[in-house]
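Note that these values count all heavy atoms, side chains included, but never hydrogens, waters or copies made by symmetry.
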Amino acid sequence: MALRIWASSTANALKISTNASKSALVSPAFSLSRCFSTVLEGFKYASSHEWVKHDGPVATIGITHHAQDHLGEVVFVELPEAGKPVKQGESFGAVESVKATSDVNSPISGEVVEVNAKLTDAPGLINSSPYEDGWMIKVKPSNPSELGSLMEAKEYTKFCEEEDAAH
């Protein structure tokens with residue numbers, strides 16, 4: 001009984017479902033078909049695991065929860081200066097973690113209008129708050145129609161599940 005309660009509470013904490021009946025005396029089976037990463041509605045996602053939130057004349061860009069989860073603890077971030085151009089699909093910076101260093105690609109083209117200076121002293125914000133405090137750059141889009149080539153939340157979730165299943 002205690003094992004079943006622990007497993008159920010653990011499954012709830014991990015947001016996975018149990019498939020055992022309440023009267024069963026065996027450990028529950030778990031469905032792991034869900035992507036454990038946080039994916040937010042209202043954002044657009046690139047297949048290289050960057051997100052963009054377009055709000056008025058400015059778009060905020062960062063790496064996804066899925067990306068930071070795979071990278072591990074972020075220890076250094078390299079970002080461009082304000083005023084620099086970025087091009088869709090091309091690198092604008094890098095993220096160094098305890099596991100690896102990865103380029104960060106821009107999901108859209110435009111001009112960098114602001115850089116998250118907090119990341120210089122606290123790169124771990126990318127791990128703890130990838131969609132809020134861990135944003136990387138703000139861009140004035142030069143071609144807003146590029147947003148149409150990016151994935152919505154449901155598409156990105158499916159993309160992550162398929163990518164993880166392949167590895």
Side-chain angles (χ1 to χ4, degrees), residues 3-4 6-21 24 26-54 59-80 86-110 116 119 123-139 141 143-167:
L3 178 60
R4 191 169 62 245
W6 174 84
S8 179
S9 64
T10 301
N12 285 336
L14 293 173
K15 296 181 176 61
I16 56 179
S17 62
T18 60
N19 295 324
S21 69
V26 295
S27 297
F30 295 98
S31 171
L32 297 175
S33 61
R34 243 187 216 173
C35 182
F36 288 109
S37 300
T38 303
V39 178
L40 302 179
E41 294 289 335
F43 286 62
K44 294 285 202 155
Y45 300 89
S47 60
S48 52
H49 302 289
E50 292 85 15
W51 59 264
V52 60
K53 173 75 172 162
H54 191 225
T60 305
I61 296 171
I63 66 168
T64 65
H65 185 273
H66 183 84
Q68 71 76 29
D69 188 48
H70 281 272
L71 282 169
E73 181 185 352
V74 175
V75 295
F76 180 76
V77 180
E78 180 184 319
L79 298 173
V86 292
K87 189 170 179 184
Q88 185 180 41
E90 293 187 6
S91 176
F92 68 77
V95 175
E96 184 178 328
S97 74
V98 294
K99 292 182 182 178
T101 299
S102 289
D103 284 339
V104 182
N105 298 326
S106 185
I108 59 170
S109 301
N116 189 350
L119 297 179
L125 288 171
I126 289 174
N127 297 113
S128 62
S129 183
Y131 299 110
E132 293 174 3
D133 297 331
W135 63 271
M136 300 177 90
I137 60 174
K138 293 189 179 187
V139 171
N143 186 1
S145 66
E146 290 175 338
L147 290 164
S149 68
L150 302 173
M151 292 178 268
E152 299 285 345
K154 283 185 180 181
E155 290 174 275
Y156 181 67
T157 298
K158 183 177 179 184
F159 175 81
C160 290
E161 289 172 345
E162 290 171 353
E163 186 177 72
D164 286 350
H167 290 87

For Gly89 against Asn105, the heavy-atom pair lying closest together: O-CG, 3.8 Å

Atom pair CD/CD of Glu96 and Glu73 - distance to nearest 0.5 Å: 11.0 Å

Atom of Glu155, atom of Glu152 and distance for their closest heavy-atom approach: OE1-N, 3.0 Å

Any side-chain heavy-atom pair of Val74 and Leu119 under 4.5 Å: no

Student check: side-chain heavy atoms of Phe92 and Ile61 closer than 4.5 Å: yes

Donor-acceptor under 3.5 Å (Trp51 side chain, Ile63 main chain): yes

Any side-chain donor near an acceptor of the partner, Glu163 and His49, under 3.5 Å: yes

Tyr156 and Tyr45 aromatic ring geometry - parallel, tilted or perpendicular at 30°/60° bounds: parallel

Met136 CE to Leu79 CG distance, which is reported to the nearest 0.5 Å: 5.0 Å

Backbone of Gly72 reached by a side-chain donor or acceptor of Asn127 within 3.5 Å: yes

Shortest non-hydrogen contact between Val139 and Gly110, atoms and distance: CG1-CA, 3.6 Å

Closest contact, heavy atoms only, Glu41 versus Ala153: OE2-CB, 3.5 Å

Main-chain N/O of Trp135 paired to Asn116 side chain as donor or acceptor, under 3.5 Å: yes

Stepwise side chain to side chain contact (heavy atoms under 4.5 Å, CB included) check, Leu150 with Ile108: CA-CA 9 Å; Leu150 302 173; Ile108 59 170; 4.2 Å; yes

Ser106 side chain to Ser109 backbone, donor-acceptor under 3.5 Å: no

Value rounded to 0.5 Å, distance of NE2 in His70 from CG in Asp164: 4.0 Å

Non-hydrogen atoms of Ala46 and Met151 that approach each other most closely: C-CE, 3.7 Å

Inter-residue atom distance Ile126.CD1 - Thr64.OG1, 0.5 Å rounding: 11.0 Å

Short side-chain to backbone donor-acceptor contact, Ser129 and Leu125, under 3.5 Å: no

Glu162 side chain vs Phe159 backbone, donor-acceptor pair below 3.5 Å: no

Value rounded to 0.5 Å, distance of NE2 in His54 from OG1 in Thr60: 9.5 Å

Shortest non-hydrogen contact between Ser91 and Gly93, atoms and distance: OG-O, 3.2 Å

Spacing of Lys53 atom NZ and Leu147 atom CG [to the nearest 0.5 Å]: 11.0 Å

